[in-house]
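In what follows, chains carry the letters A, B, and so on, assigned in the order in which the sequence lines appear, proteins first and then strands, with residues in each chain numbered from 1.
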There are 2 protein chains.
Amino acid sequence: MSDIARLAGVSPMTVSRVVNGDARVREATREKVEKVIRETGYVPDPAARILARAGGGRIGLLYANPSNAYLAEVLSGALEGARSVGLLLLIEPSRAGAPDEEREAVRRLAAGGAQGVIVPPPLGESDATLDAIAKTGMKAVVLAAPALRDGLISLRVDDYGAAHEMMRHLLDLGHRGVGFVEGRRDQSATPDRRHGAQVAVDAVTGATMWAEAGDFTYRSGFEAGQRLLARTPRPTAIFASNDDMAAGVLAAVHAAGLSTPGDISVAGFDDTYLAASVWPTLTTIRQPVAEMARAAAVILGRGGEEDGPVPHEFIARESTASPSD
Amino acid sequence: MSDIARLAGVSPMTVSRVVNGDARVREATREKVEKVIRETGYVPDPAARILARAGGGRIGLLYANPSNAYLAEVLSGALEGARSVGLLLLIEPSRAGAPDEEREAVRRLAAGGAQGVIVPPPLGESDATLDAIAKTGMKAVVLAAPALRDGLISLRVDDYGAAHEMMRHLLDLGHRGVGFVEGRRDQSATPDRRHGAQVAVDAVTGATMWAEAGDFTYRSGFEAGQRLLARTPRPTAIFASNDDMAAGVLAAVHAAGLSTPGDISVAGFDDTYLAASVWPTLTTIRQPVAEMARAAAVILGRGGEEDGPVPHEFIARESTASPSD
DNA sequence: CTAAAAGATGTTAGCGCTAACACGTCCGAG
DNA sequence: CTCGGACGTGTTAGCGCTAACATCTTTTAG
C-alpha cells in the first residue's frame, strides 16, 4: 500500500480512503490513486484490514447444510453486499439440530469480532442459535424467517401473500378442486403459505382445497401427491409449498399415468434450481435470495433497520394450465 | 491474548507457543496456559495470525454457481481443512464460461496473497481459470477433474473404476440390457464413466449397453430415459452418470407407467442430496467431496503432494434390484 | 478582504499475533 | 568447579492496514 501511495504521490491513508470509497477525497486525487492501483494490480490485504478494524467492520454468515440449494446464492449475495459496504465476511459452518454446534458457531463468530450476523434458514428459527446470538449482543438479520426475538431484523417475502397469489392463479385458470402440500410444521412459513392459499380458495364459491402434510422433501411431496391423486373427486391442480415437494408431486402424477399440465397442474414455491430443471418446468414463486443476503450485509454494515417484506415474483412456467374438462 | 498471558502468569509469546503446539514449552506451563484458555473460551484471531506470518498462510477457494449441489460440502471441507492447518481461506466467486470473470477471480486471489487455490468443478477444466492460475504461480488442487496442466494436483475418484463397479452391480443382479446416460462431453469424467461401464458390460457375454447423450441435468436425464424406454428390447436397468439425470430417468420410468426397481432398475452417480431424497432412493456412487476439499486445503497448507485417486463408495439403496423376468 | 467553517490530506498509534533474537537457568563434560 | 550448550521463556519489532486526531487548503459569508 505504501508503494501505491508513493507512486501516486499521496499518503497511505489517502490510498486507504480511496480503496474504501471514502467520500472526502478530491476527485482528481481519487483518479490518480485509482490509476496507480489499476496499473499495479494492487489488492488490499484482507487479513490486515480485518485486523486494523479490530472489533469493527466484520459480519458473520452462518450456514447449515440443509440450506444447500440456497447456499450458493446466499454466499454470493452476502459476499457482494459485504464488499459493497467495505465489510469483511466471516463464514462459519453450523449445524441445524445440533444445539451445541450451533452455539459454538455463534461463539466463534463473536470471538472473531463480528458485530452482526446473517442467519439463513433454517437457523433463523432455532432457539439455540437465536439465544446464543442474543447472548453475544450481535445484531442479526434472519433470512426467510420471522423475527422471533426482539432486535432481530427479518428479511422475508410475504409468504401469505405469495401463496395467495399462486392459488389465485390456479383458480383463475379454472381449477376448483386443488390439492395443497404443506411444509414442515416447525417453520413459520408453513402456516402462512397454507393460510394464504386457503383464503384465496375461500373467496371463490365452489372451490375446495385439500391439504396434505409434507416436510419439504421430494419424498414427502411424492407421497402427499399420491394421497391427493387417490381422492375422489381428484384435484385438478396441486400446489406444493416448495419446489422439492412439487417435483415429488410431479413424479407422483407421472407414476399415476397422468400428465402435467394436461391432467394435473402443479405449482411450487421458492424457485430453486430444481424448478427450472424438472420436466415440465415448474410455475413457482421466486424468492430473491441473493438479493436478500446482499441487503442483509448492507443493513448490518450501515446499521440500517429496513424491515418489512421483500418483494417476491410469480414465475409462470410449463406446469400449470387450465383444467382439461 | 495478553489477558490469557496475565491470567496464566506467562508472557504472550508463551501463550502463542502453546496455541501453536510448539514443542519447547514445559509441560507444567503448557497445562497452566491451556487451563486458562479453556476457562476463558479464548480463540486466537485468525486475521492477526495470518498477518503476523507475513504474507503466508492463505489459500483461496474459487466457486462457480453451477457447482451448486457441491458447494456446501466443498465449503465446509475447505473451511475445516484450512482451520486445521492454520490457514486463512479466501473465498472468491467466479463464473464458469465467462473467461474474463474467471481470470479476474484468480487475480483477486493471487493479489490477496493466496499461495494456493482449490478449484472445484467445473472450473477445474476451464482453460481461462487454469491459465490464469499458471500465470500467478499459485499452487492449485483441482477437485473431481484431471490435472490438465503440469504442477496441478488432482483429487478425484476413479471414475472409470467406480462406473465399472456400478455396472458390475447391475450385471450381477442379472441385467443384460442396460441403458447408459452420458454426461457433458466437455468434462473428462464423462468418457471415463462411460468407458468403465462399457468394459464391465463387454466382460459379460450376452450383455448389451445402449448409451444416450445427456448433459448432467434432470431434464436431459428425463429425455434420455424416454428414448431408452422406447427401445425394443427395452433395457431392464438404466445407469445415469450423475444423480440429477438418474432422477430424470426415474421420472421417465414413472411417466411410462413402469415402476422402479420392479420393472426398471435405475442407478446414479455422485450421491448428492437428491439421491437420498427421491423416491425410490438411488443406488449410487459416493464421492467424498467434503473430504476432498479438506484434503486439498491440507495439501496446500503443508505443501504435500498427495495425488492419486480418492476412494469412492458404492451406495446401495432402493432403486436397483434383479430384473423381474 | 478576512475569519471561520468546511473539505482534503497527513500523522500517529495500534489492531492481535508471531519471527527472531536475547536472556536466564540448569545440565553434564572436562 | 566452570564453561559451553540445551532448554524454557521473555523482549522487541513489525506484518498491512485503518481510527482518530492533527494539519493544511479551500470555500463561504459578512
Please report the distance, rounded to the nearest Å, between [atom1] in [X] and [atom2] in [N].
X: B:L88; N: C:dC17; atom1: CG; atom2: P; answer: 14 Å
X: A:L51; N: C:dG14; atom1: CG; atom2: P; answer: 14 Å
X: A:D3; N: D:dC17; atom1: CG; atom2: C1'; answer: 14 Å
X: B:D45; N: C:dG16; atom1: CG; atom2: P; answer: 7 Å
X: B:R58; N: D:dC17; atom1: CZ; atom2: C1'; answer: 11 Å
X: A:E27; N: D:dT26; atom1: CD; atom2: C1'; answer: 17 Å
X: A:K32; N: C:dT9; atom1: NZ; atom2: C1'; answer: 11 Å
X: B:L87; N: C:dT18; atom1: CG; atom2: P; answer: 13 Å

* Using a heavy-atom cut-off of under 4.0 Å over every strand shown, decide if B:V10 touches base, sugar-phosphate, or nothing. => sugar-phosphate
* Identify whether any heavy atom of B:P44 sits under 4.0 Å from a base atom; if not, whether one sits that close to sugar-phosphate; answer base, sugar-phosphate or nothing. => sugar-phosphate
Note: [X]-[Y] ion pair, threshold 4.0 Å (strictly below):
X: B:D131; Y: B:R103; value: no
X: A:E31; Y: A:K35; value: no
X: B:R83; Y: B:E80; value: no
X: B:R149; Y: B:D127; value: yes

Looking at [N], I'd like to know if its phosphate oxygens (OP1 or OP2) sit under 4.0 Å from a side-chain N or O belonging to [X].
X: B:T14; N: D:dG8; answer: no
X: A:R49; N: D:dC17; answer: no
X: A:R26; N: C:dA8; answer: no
X: A:S16; N: D:dC17; answer: no
X: B:Y42; N: C:dC17; answer: yes

* **Shortest side-chain distance from A:M1, nucleotide among C:dC17, C:dG16, D:dT18** => D:dT18
* Could you check which of D:dG10, D:dT9, D:dG16 has an atom nearest any side-chain atom of B:V25? => D:dT9
* Specify the residue among A:M13 and B:T29 whose closest nucleotide of DNA chain D lies further upstream toward the 5′ end. => B:T29
* Asked: To the nearest 0.5 Å, how far apart are CZ in B:R108 and OG1 in B:T136?
  -> 15.0 Å
* Asked: Looking only at N and O atoms, is any donor in the side chain of A:R17 or the base of C:dG10 less than 3.5 Å from an acceptor on the other one?
  -> yes
